[in-house]
There are 2 protein chains.
Amino acid sequence: MPTKTKEPTYEIGEFATLVGLSAPTIRYYENQGLLKAQRTANGRRYFTEQDIKWVKFLLHLKGTGMSINDLKKYVTWRAQGDATIPNRLDLLKDTKADFMTKYRQVQHHLQILDDKIAWYEAKESGQDTGKEPFADYLKRIGHTV
Amino acid sequence: MPTKTKEPTYEIGEFATLVGLSAPTIRYYENQGLLKAQRTANGRRYFTEQDIKWVKFLLHLKGTGMSINDLKKYVTWRAQGDATIPNRLDLLKDTKADFMTKYRQVQHHLQILDDKIAWYEAKESGQDTGKEPFADYLKRIGHTV
DNA sequence: GTTTGACTTAAAGTTAACTTTAAGTTGTAT
DNA sequence: ATACAACTTAAAGTTAACTTTAAGTCAAAC
């Protein structure tokens with residue numbers, strides 16, 4: 001039977017590297033209330049595996065478009081217990097709705113970018129459309145600007 | 001045979017509305033060199049259908065992640081004629097590469113958001129996993145945080 | 001003909017999300 | 001024991017992309 005080894009802890013620099021942020025950003029997040037570090041007797045922060053998971057989760061939420069302010073709300077509700085699950089769910093669903101709206105827009109933007117790249121490539125290789133403007137080209141291949 | 005009617009023109013306010021920006025933003029873009037307005041005898045800007053197409057195209061590029069600075073480069077090269085097509089193509093391809101990187105990341109973020117929403121919904125409707133932490137839940141359904 | 005709303009400019013202000021600075025303390029390696 | 005890197009704090013600075021302000025001109029409606 002293996003002895004239960006103590007969980008590793010990390011000082012702020014290593015922790016920051018592990019989650020892909022800078023140490024100042026970690027401090028900033030803590031000041032904002034998004035996370036809470038434990039402290040050694042001498043006042044130095046230290047972090048655990050749990051903290052890594054937590055920050056990574058926050059970064060996923062942030063990556064879907066949640067602002068620091070939204071994240072603060074979420075964290076506050078989370079600290080208040082299960083009674084606030086509906087609030088959190090609403091926030092996440094709103095976040096998703098906003099995300100999907102932007103996601104669809106961005107797909108359209110990408111389509112236009114791809115078309116423009118194709119147009120330049122055709123032009124560059126001499127298989128071009130002569131002096132046909134890009135807007136006409138788009139209409140011809142079935143896209144609207 | 002219908003007579004060729006003059007193309008409509010727009011003052012800055014209407015133009016801004018048509019392209020979904022504010023009048024100050026249009027002025028800002030002009031100051032940045034992204035577009036060029038014609039002027040009446042009294043110094044007022046006016047815009048044509050061509051200008052609408054141009055701004056909409058710029059906004060598509062912007063929507064794929066190009067900064068105002070990138071757009072400036074593009075516009076400058078464009079003004080220099082066909083000799084700069086390779087430069088423009090490189091810029092657009094770099095833009096696309098950056099875009100795709102972020103796009104894939106964002107899809108992962110969305111996955112986690114969806115998982116969390118599902119987790120809360122299960123918890124709310126009593127079909128929950130008891131006290132199973134979210135990270136464990138993710139592992140169980142086959143995702144990694 | 002006068003009010004009202006839209007336009008003009010240059011310059012200063014705003015916002016989010018950090019980043020940098022300054023001044024000081026602490027842990028570790030030699 | 002001393003150097004040196006990593007930590008501590010609070011506060012100021014940065015960046016992009018606008019937005020707002022102030023002071024003035026102009027066109028259309030009543």
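Side chains are part of it too, since the values below use all heavy atoms of this structure and drop only hydrogens, waters and symmetry mates. Proteins come first, then strands; the chains are lettered A, B, ... in the order of their sequence lines, and each starts at number 1.
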Note to self: To check you understand the geometry: which heavy-atom pair defines the closest contact between A/Thr48 and A/Asp51, and what is its length?
What the structure shows: N-OD2, 2.8 Å
Check: Checking A/Lys53 against A/Phe57: charged group under 6.0 Å from the ring centre and within 45 degrees of the axis?
Finding: no
Margin query: I'd like to know if B/Glu124 pairs up with A/Arg88 as an ion pair, taking the criterion as any Lys NZ or Arg NE/NH1/NH2 lying under 4.0 Å from an Asp or Glu carboxylate oxygen.
Written below: no
Kindly give the atom pairs (protein nitrogen or oxygen, nucleotide nitrogen or oxygen) under 3.5 Å for nucleotides 6-10 of chain C.
unit_1 : atom_1 : unit_2  : atom_2 : d
C/dA6  : N3     : B/Arg44 : NH2    : 3.3
C/dC7  : OP1    : B/Gly13 : N      : 2.8
C/dT8  : OP1    : B/Arg45 : N      : 2.7
C/dT8  : OP1    : B/Arg45 : NH1    : 3.0
C/dT8  : OP2    : B/Arg27 : NE     : 3.1
C/dT8  : OP2    : B/Arg27 : NH2    : 3.1
C/dT8  : OP2    : B/Arg45 : NH1    : 3.2
C/dT9  : OP1    : B/Arg39 : NH1    : 3.2
C/dT9  : OP1    : B/Arg39 : NH2    : 3.0
C/dT9  : OP2    : B/Arg45 : NH1    : 2.8
C/dT9  : OP2    : B/Arg45 : NH2    : 2.8

Notebook entry, point to check: Taking only residues two or more places apart in sequence or in another chain, which ones pass ring-ring contact (aromatic ring centres under 6.0 Å, His included) with B/Tyr46?
Noted result: none
Item checked: With A/Glu30 via side chain to side chain donor-acceptor pair (under 3.5 Å) - residues at least two apart -> A/Arg45
Checklist line | Counterpart residues, salt bridge (Lys or Arg N to Asp or Glu O under 4.0 Å), relative to A/Arg44 (two or more places apart) | finding: A/Glu11
Item checked: Closest approach of A/Leu71 to A/Lys62 (non-hydrogen atoms, all atoms of both residues) -> CD1-CB, 4.0 Å
Item checked: Sorted by number, the residues of residues 67-77 of chain A with heavy-atom contact under 4.0 Å to DNA chain C -> A/Ser67, A/Ile68
Next item on the list: Report the residues that fulfil salt bridge (Lys or Arg N to Asp or Glu O under 4.0 Å) with B/Asp90, sequence neighbours left out, ordered by chain and then residue number.
Entry: none
Show me the protein contacts with nucleotides 19-21 of chain D, counting only N or O atoms at under 3.5 Å.
unit_1 : atom_1 : unit_2  : atom_2 : d
D/dT19 : OP2    : B/Ser22 : OG     : 3.2
D/dT19 : OP2    : B/Thr25 : OG1    : 2.6

Checklist line | For A/Tyr29, side chain to side chain donor-acceptor pair (under 3.5 Å) partners two or more places apart | finding: none
Item checked: Sequence-distant partners of B/Phe99, ring-ring contact (aromatic ring centres under 6.0 Å, His included), two or more places apart -> B/Tyr103
For residues 63-70 of chain A, please give each side-chain donor-acceptor pair under 3.5 Å, one per line with the distance, not counting sequence neighbours.
unit_1  : atom_1 : unit_2  : atom_2 : d
A/Thr64 : OG1    : A/Leu61 : O      : 2.6
A/Ser67 : OG     : A/Asn69 : N      : 3.4
A/Ser67 : OG     : A/Asp70 : N      : 3.1

Checklist line | Nucleotide C/dA17, atom C1' - distance to CE of A/Met66 in whole Å | finding: 15 Å
Check: Residues in ring-ring contact (aromatic ring centres under 6.0 Å, His included) with A/Phe15, at least two apart?
Finding: A/Phe47
Check: Tell me: CG of B/Leu21 to C1' of D/dA17, nearest whole Å?
Finding: 12 Å
Produce the list of close N/O pairs, under 3.5 Å, pairing protein atoms with atoms of nucleotides 1-3 of chain D; give distances to one decimal.
none

Check: At their closest point, which heavy atom of A/Lys72 faces which heavy atom of A/Leu34, and how far apart are they?
Finding: N-CD2, 3.6 Å
Next item on the list: Could you tell me the separation between the CG atom of A/Leu58 and the C1' atom of C/dA17, rounded to a whole number of Å?
Entry: 15 Å
Item checked: Whole angstrom value for the distance that separates C1' of D/dT8 from CZ of A/Phe15 -> 17 Å
